[in-house]
Amino acid sequence: MTNPERKVWSQDYSEWFHKVIAEVPIYDTRYPVKGTGIWMPFGYRIRREVLRIIREELERTGHEEVLFPLLIPDYLLGKESEHIRNFEDEVYWVTHGGKTPLEVKLALRPTSETAMYPMFKLWINAYSDLPLRIFQIVNVFRYETKATRPMIRVREVSTFKEAHTAHATREEAEEQERIGVEVYSKIFERLKIPFLKTIRPDWDKFPGAERSVAFDTVMPDGRVLQIGTVHFLGQGFAKAFDIKYMKSDGNYEHVWQTCYGISERAIAALISVHGDDHGLVLPSEVAPVQAVVIPIVYKGREEEVLKRCKEVKDALESSGLRAAIDDRKDITPGNKYYAWEMKGTPVRIEIGPRDVDSNTAVLVRRDTLKKAPVKMEGLVEEVRKLLMQIDEELAKRSKEWMSSKVRDAETIEQAKDELDARGGIVELNWCGRINCGEELEKTIDARILGVPFDKEGEIETPLSGAKCAGCSGTATKRIRVARSY
RNA sequence: GGGGCCGUAGUCUAGCUUGGACCAGGAUGCAAGCCUGGGGCGCUUGUGAUCUCGGGUUCAAAUCCCGACGGCCCCA
């Protein structure tokens, strides 16, 4: 069998996603609190590998992991006015200790700026305390009023990686912003998730930030999912929380800050971007099982086949690969194929009496389902080679998929037609006026994602002589428009 | 913020409009056995639902009404 279809995957993505997370199983949505879910063992292992990558890339670039409390007193949460204005309608409050009303209400963190920055004030005194780079991986709570969706819009974000940095100068903080963007790029590249970096428009920035750079990917149904953000905070929070350091001349200055976050949405994207109608397809780095051995057992030859399978599994493991053997007796091989394909296992190794006789095994790759016989000698090397090929193919395939979903448009009618037909992201010229932007969003029935952040170090793309697709005025920016989650 | 749809075994679903012959039918799953075994085989038997919860109408409620909780959609 070859060429697994992507029919359900693309035509009924929502159903596909629910089915996959339930059947693998990855995430159980049946817990009776709206917008929450349970990470099941196999899903948890995927999550753990993803977090390993995130930790590696952050630690490699000088970020240290910490852990802050879940509870934030109301007077801290309200300190930065713009920040609180945007969050106050979706905060969960702890108002009682037992039956006693609390004098100070406590919020379940919707994000941790207001928990961390009072401590930054205590930790940062002098130039020598900077830069400060920390991160934590925690759960955060947001009382979402829109319909929730497993992993994509939840009330308890169970996997929220937030990094926070403080610097002596604007330049250093801006440099950190670039580093944050690079770190995230590296993380998504390792996950083989294609993305576009976009500077969000002013009205869609992180509350309290000067600038927000977002990572967006395109889901199978053509809708855009934001999978990560990097924020340049300027001195807004530093002033609100009075975070100052003493300069060499003895004067004090407020620090310059950045923060950036990734949530389990990245895992939702990982699952969605690579999958097909047989279920998950995982890059080798995050696959809980990288190669599974399936014995093809015939009566009278069970033992020699199983023995060979065991040898292969041991050889794979001792070379550092995550391997498993499926020696369940009560189900047929075909059944096992489907089960391990659903789990996204990159390589399957079939070994039956024929293979024992000829000293071979059959390798099957998950992405294409193509089978190939290999000799026992050098089998481990062949598996490794195949894993690399699969990873390359996944990166290539997902990138091509994404590029096919990003197109140019001259007019808003054209933009609307493109989004109606294929979804994805449309780029067009814009004058930069907010009124025009609102009108444009309404007409196209889509969101302005913002301006590209794709060219090295370039913050906005200036235009000359071009016309705004919305009002025909002079265009000043190239913007991306999409229907998003 | 406004409007709408939905909730039946682990999962998907029939039944609801027109209340009664439904102590709720099917598929899938799960368990046992036989048969098989290089792509979900087949057969037999078994298992599993106080019809989301609470209240109301009625001689009678899965079915009608109200509320809560949960799931989903559309508009702003």
Side-chain angles (χ1 to χ4, degrees), chain A residues 1-5 8 12-38 40 85-86 88-90 143-156 203-204 221 223 276-279 292-306 308-309 312 326-343 345 347-358 360-366 368-374 420 437-448 483-485:
Chain A
M1 178 181 285
T2 53
N3 302 325
E5 288 196 9
V8 180
D12 210 334
Y13 162 65
S14 199
E15 183 194 312
W16 179 89
F17 186 73
H18 278 91
K19 191 177 158 214
V20 167
I21 62 173
E23 271 190 31
V24 166
I26 293 172
Y27 190 82
D28 197 326
T29 59
R30 292 171 300 176
Y31 190 75
V33 176
K34 185 181 173 73
T36 64
I38 295 138
M40 299 298 284
R85 241 199 337 274
N86 275 272
E88 64 188 345
D89 288 339
E90 38 184 80
Y143 186 78
E144 289 284 353
T145 50
K146 287 183 182 175
T148 56
R149 190 180 271 272
M151 283 192 251
I152 290 172
R153 175 167 285 117
V154 287
R155 285 185 169 179
E156 179 185 9
W203 64 82
D204 204 16
D221 59 358
R223 284 170 79 182
D276 62 31
D277 285 0
H278 287 231
V292 62
V293 185
I294 312 275
I296 312 297
V297 177
Y298 283 84
K299 270 211 168 62
R301 303 199 62 181
E302 294 95 335
E303 273 186 27
E304 48 181 327
V305 168
L306 282 171
R308 175 59 62 82
C309 288
V312 168
D326 191 344
D327 55 4
R328 286 178 292 176
K329 292 187 174 54
D330 44 351
I331 59 172
T332 59
N335 226 315
K336 295 177 185 178
Y337 300 164
Y338 277 89
W340 288 98
E341 279 164 14
M342 178 60 68
K343 287 179 191 297
T345 310
V347 174
R348 179 172 81 232
I349 303 166
E350 305 173 6
I351 298 176
R354 285 204 310 250
D355 302 291
V356 175
D357 292 340
S358 59
T360 56
V362 175
L363 297 193
V364 189
R365 52 188 288 180
R366 175 60 184 89
T368 61
L369 296 186
K370 289 210 169 71
K371 295 188 175 196
V374 293
D420 285 344
E438 279 173 359
E439 194 57 36
L440 194 144
E441 284 190 333
K442 230 162 106 182
T443 313
I444 303 181
D445 186 26
R447 241 182 77 198
I448 294 179
R483 292 178 186 147
S484 63
Y485 275 97

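Letters go in sequence order (proteins before strands), and every chain restarts at 1.
Residue contacts for Arg301(A): at a heavy-atom cut-off of 4.0 Å it reaches no nucleic acid atom on any strand shown.
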Polar-atom pairs under 3.5 Å, protein N or O versus N or O of nucleotides 68-70 of chain B: list them with distances, or write none.
from, atom 1, to, atom 2, distance (Å)
G70(B), OP1, Lys34(A), N, 3.3

Identify each atom pair where a protein N or O and an N or O of nucleotides 10-13 of chain B are less than 3.5 Å apart, giving names and distance.
from, atom 1, to, atom 2, distance (Å)
G10(B), O3', Arg30(A), NH1, 2.7
G10(B), O2', Arg30(A), NH1, 2.9

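Between Arg354(A) and G37(B), a side-chain N or O to OP1/OP2 separation shorter than 4.0 Å is absent. The phosphate of C41(B) has OP1 or OP2 within less than 4.0 Å of a side-chain N or O from Thr332(A). Note on His18(A): a side-chain N or O is less than 4.0 Å away from OP1 or OP2 of C72(B).
For Asn335(A), whose side chain is taken as the heavy atoms from C-beta onward, the closest listed nucleotide among G37(B), G39(B), C41(B) is C41(B). Comparing G40(B), G38(B), G1(B) by their closest approach to the side chain of Tyr298(A) singles out G38(B). Closest contact between the side chain of Pro150(A) and the listed nucleotides G39(B), C41(B), C72(B) involves C72(B).
Each of Gly352(A) and Asp330(A) has a nearest nucleotide on RNA chain B; the 5'-most of these lies closest to Asp330(A).
Residue-environment remark: NZ (Lys19(A)) stays at or below the threshold of 12 foreign heavy atoms within 6.0 Å.
With Tyr337(A) as the aromatic partner, Arg348(A) meets the cation-pi criteria of under 6.0 angstrom to the ring centre and within 45 degrees of the ring axis.
When rounded to the nearest whole Å, the span between CD of Glu23(A) and P of C30(B) equals 11 Å. Atoms NZ (Lys299(A)) and P (C35(B)) sit 7 Å apart, rounded to a whole Å. Between the CG atom of Asp355(A) and the P atom of G37(B) there is a distance of 17 Å, rounded to whole Å. Here C41(B) presents its P atom at 10 Å from OH of Tyr338(A), a figure rounded to the nearest Å. Between the CD1 atom of Ile21(A) and the P atom of G71(B) there is a distance of 12 Å, rounded to whole Å. Spacing between atom CH2 of Trp340(A) and atom C1' of G40(B) amounts to 17 Å, rounded to whole angstrom units.
Figure legend. U47(B) is base-paired to G29(B); pairs are counted as Watson-Crick or G-U wobble with both atom distances under 3.5 Å.
Rounded to a whole angstrom, the distance from the P atom of U8(B) to that of U13(B) is 8 Å. Rounded to a whole angstrom, the distance from the P atom of A49(B) to that of C6(B) is 26 Å.
In this structure a side-chain-to-backbone donor-acceptor pair under 3.5 Å is present from Tyr27(A) to Gly37(A).
Ring geometry, His278(A) versus Tyr338(A): the interplanar angle falls under 30°, so the pair is classed parallel (tilted spans 30 to 60°).
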